[in-house]
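Written out below as structure tokens is the structure these notes cover.
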Amino acid sequence: MNTQALQATGLVKTYSSVHALAGVDITIGAGELVAIMGPSGSGKSTLLHVLSGILLPDAGEVRLGDAVVTALKDSGRSKLRREQFGFVFQDGQLVPELTARENVALPLLASGASRGRAMRAADEWLMRLGVGEQKRKRPGEMSGGQAQRVAIARSMVANPSIIFADEPTGALDQATGHEVMQVLSTTAKMNGTTLVVVTHDLKVASWTDRLVEIRDGLIHTDRTMADVVNSAANAHQIQHAEVGR
Ligand code: ADP
């Protein structure tokens, strides 16, 4: 794996009269864990899709290291997504007819690995994510939290440089969601994988290093998680001081 910085400049995406992205500049360092938050409709998913080359912007550029992602043809972007990016969605991303290990092996099989090697790598990743016992089960036979761990294993198996996660805990109860986010962030950290996660849950975001808030298609705030935690603690103290007066 060769993790590189992701750099976006001047991203604009408009749907009829709606500016889903109204001029976004963002650089995400190699190995950085970033949360994207903001109200519904603020442009979070659009940003994730443009950064990951799923969607082309109307204006602006996305670079991964020296490669200009937005200048690549569809086939080039598909190849880049397959080789460099992993994806985790809210739910429904696993193939229901396949077992956990077959689901996890898919990205390796798609890039030409032998079945034996793909299955061995799948088993290893399932074990690392604490769902080794589930390897012969199909998604319908697992809990939501287990299925998300399988989905995370699948996003990591081909050793991507960046994982894009769109509300990865959105379909889970809070406790399970936080467990899954803990697993996702610690695994990304351990592997030096960059993680970009869209979430509406500040506790989920708190597993990352940096919080980017989007409003009306623009970056509203961009802070380190340490700053977010400090200012929340200060606000709490001020509130208590005022109450105590
Ligand atoms: P978020 O993920 O923050 O909820 P989105 O990126 O999904 O926001 O959407 C941003 C804005 O763009 C919203 O107003 C949404 O209705 C609009 N939008 C997103 N995708 C489409 C689309 N395919 N067609 C038309 N409008 C869209």
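Remember, it's 1-based here, ligands and their atoms both numbered in the order they're listed.
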*asked:* I want to know if ligand 1 touches Val18 in the polar sense, i.e. an N/O pair below 3.5 angstrom.
replied: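 Among all N and O atoms of Val18, none is under 3.5 Å from an N or O of ligand 1.
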
*N or O contact, Ala20 vs ligand 1, cut-off under 3.5 Å*: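 No; the residue has no nitrogen or oxygen that sits under 3.5 Å from a nitrogen or oxygen of the ligand.
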
*What part of Ser16 sits under 4.0 Å from ligand 1 if we count only heavy atoms: the side chain, the backbone, both or neither?*
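Neither; no heavy atom under 4.0 Å.
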
*Angle class for the Phe89/Phe87 ring planes (parallel below 30°, perpendicular above 60°, tilted otherwise)?*
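Parallel.
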
*Do we see a donor-acceptor contact under 3.5 Å between the side chains of Gln148 and Gln93?*
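On atom types as modelled, these side chains qualify, holding a pair under 3.5 Å.
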
_Polar contact flag, side-chain donor to acceptor under 3.5 angstrom, Thr70-Glu61_ =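 Side chains of Thr70 and Glu61: no pair found under 3.5 Å.
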
Less than 4.0 angstrom from a charged side-chain N to a carboxylate O is my criterion; do [X] and [Y] meet it?
X      : Y      : value
Asp209 : Lys189 : yes
Arg210 : Glu32  : yes
Arg223 : Glu213 : yes
Arg120 : Glu124 : no

*Nearest protein heavy atom under 4.0 Å from atom 14 (O) of ligand 1, yes or no*: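 Given the 4.0 Å cut-off, atom 14 (O) of ligand 1 counts as touching protein heavy atoms.
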
_Tell me whether atom 11 (C) of ligand 1 lies less than 4.0 Å from at least one protein heavy-atom position._
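So far as the 4.0 Å threshold goes, atom 11 (C) of ligand 1 is in reach of a protein heavy atom.
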
Counting from 1, what ligand 1 atoms have a heavy atom of [X] closer than 4.0 Å?
X     : value
Ser42 : 1 (P), 3 (O), 8 (O)
Pro39 : 3 (O)
Thr46 : 5 (P), 6 (O), 9 (O)

Suppose we measure from [atom] to each protein heavy atom; which comes out shortest, and what is that distance?
atom                    : result
atom 8 (O) of ligand 1  : Gly43 N, 3.1 Å
atom 3 (O) of ligand 1  : Lys44 NZ, 2.8 Å
atom 7 (O) of ligand 1  : Ser45 CB, 3.8 Å
atom 19 (C) of ligand 1 : Tyr15 CE1, 3.4 Å
atom 1 (P) of ligand 1  : Gly41 N, 3.5 Å

*Identified side chain to side chain contact (heavy atoms under 4.5 Å, CB included) counterpart of Met181 within the set Leu172, Thr186, Asp201, Thr208*: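 Among the candidates, only Thr208 passes.
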
*Is there a side-chain contact between Leu218 and Leu21, using heavy atoms and a 4.5 Å cut-off?*
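A side-chain contact under 4.5 Å is absent here.
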
*Ser40 near ligand 1, heavy-atom distance under 4.0 Å?*
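Distance cut 4.0 Å: Ser40 passes for ligand 1.
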
